[in-house]
Amino acid sequence: MKAVDVRGMTPAELETKLMELKKELFELRFQNATNQLNNPGRIADVKKDIARVKTIIREKQIAASAKQ
C-alpha cells in the first residue's frame with residue numbers, strides 16, 4: 001500500500017482500512033502460531049501499513065484542528 005493511495009482516502013475510509021488491517025494482522029499471527037503461515041514477511045508489511053494509516057489519520061486530525 002502506498003502512502004499516496006492512503007492520503008486520498010476519507011477519514012471514514014481510513015478507519016475502515018485500519019480495522020481491516022488489524023484483523024488481517026490478527027489472522028496472520030494466528031496462522032503463524034499454528035505453523036500455517038506461508039509468508040512470514042507479510043506480518044511486517046501489515047504492521048507497516050497499519051503505521052502508515054495511523055500516521056495519515058493523525059496528520060489529517062492535526063490539519064483539521066489547525067484550520068479551526
Side-chain angles (χ1 to χ4, degrees):
M1 174 184 308
K2 302 265 183 174
V4 174
D5 300 333
V6 178
R7 288 187 198 281
M9 294 181 176
T10 65
E13 290 174 330
L14 287 170
E15 292 295 332
T16 303
K17 187 67 174 174
L18 182 59
M19 294 305 294
E20 290 173 4
L21 288 169
K22 286 184 176 184
K23 182 179 179 185
E24 182 180 355
L25 181 60
F26 174 79
E27 291 170 358
L28 288 171
R29 285 181 173 163
F30 187 76
Q31 289 175 0
N32 191 34
T34 59
N35 294 322
Q36 296 176 348
L37 186 60
N38 295 331
N39 183 5
R42 181 71 182 132
I43 292 175
D45 293 341
V46 172
K47 284 182 178 181
K48 288 176 185 177
D49 288 343
I50 289 172
R52 191 172 291 122
V53 169
K54 283 185 171 183
T55 300
I56 293 172
I57 288 172
R58 184 66 182 140
E59 285 176 356
K60 289 187 179 212
Q61 289 173 345
I62 291 171
S65 66
K67 289 181 182 178
Q68 294 175 353

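What you see below is based on every heavy atom in this structure, not just the backbone, and it leaves out hydrogens, waters and symmetry mates.
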Any chance you could measure Leu14, atom CG, to Ile57, atom CD1, to the nearest 0.5 Å? 5.0 Å
Grab the two heavy atoms, one from Lys60 and one from Arg7, that are nearest each other, plus how far apart they are. NZ-O, 3.2 Å
Measuring only between side-chain heavy atoms, which start at C-beta, is Glu27 closer than 4.5 Å to Lys23? yes
Just so I know, are the side chains of Ile56 and Met9 near enough to count as touching, which here means a heavy-atom distance under 4.5 Å? no
Rounded at 0.5 Å granularity, tell me how far CD1 in Ile50 sits from CD in Glu20. 11.5 Å
Are side-chain heavy atoms of Asp45 and Asn39 found at a separation under 4.5 Å? no
Going from CD on Gln31 to CD1 on Ile43, what distance comes out if it is rounded to the nearest 0.5 angstrom? 8.5 Å
Once you round to the nearest 0.5 Å, how far does CZ of Arg42 lie from CG of Asn32? 14.0 Å
Glu59 side, atom CD; Thr55 side, atom OG1 - distance, nearest 0.5 Å: 6.5 Å
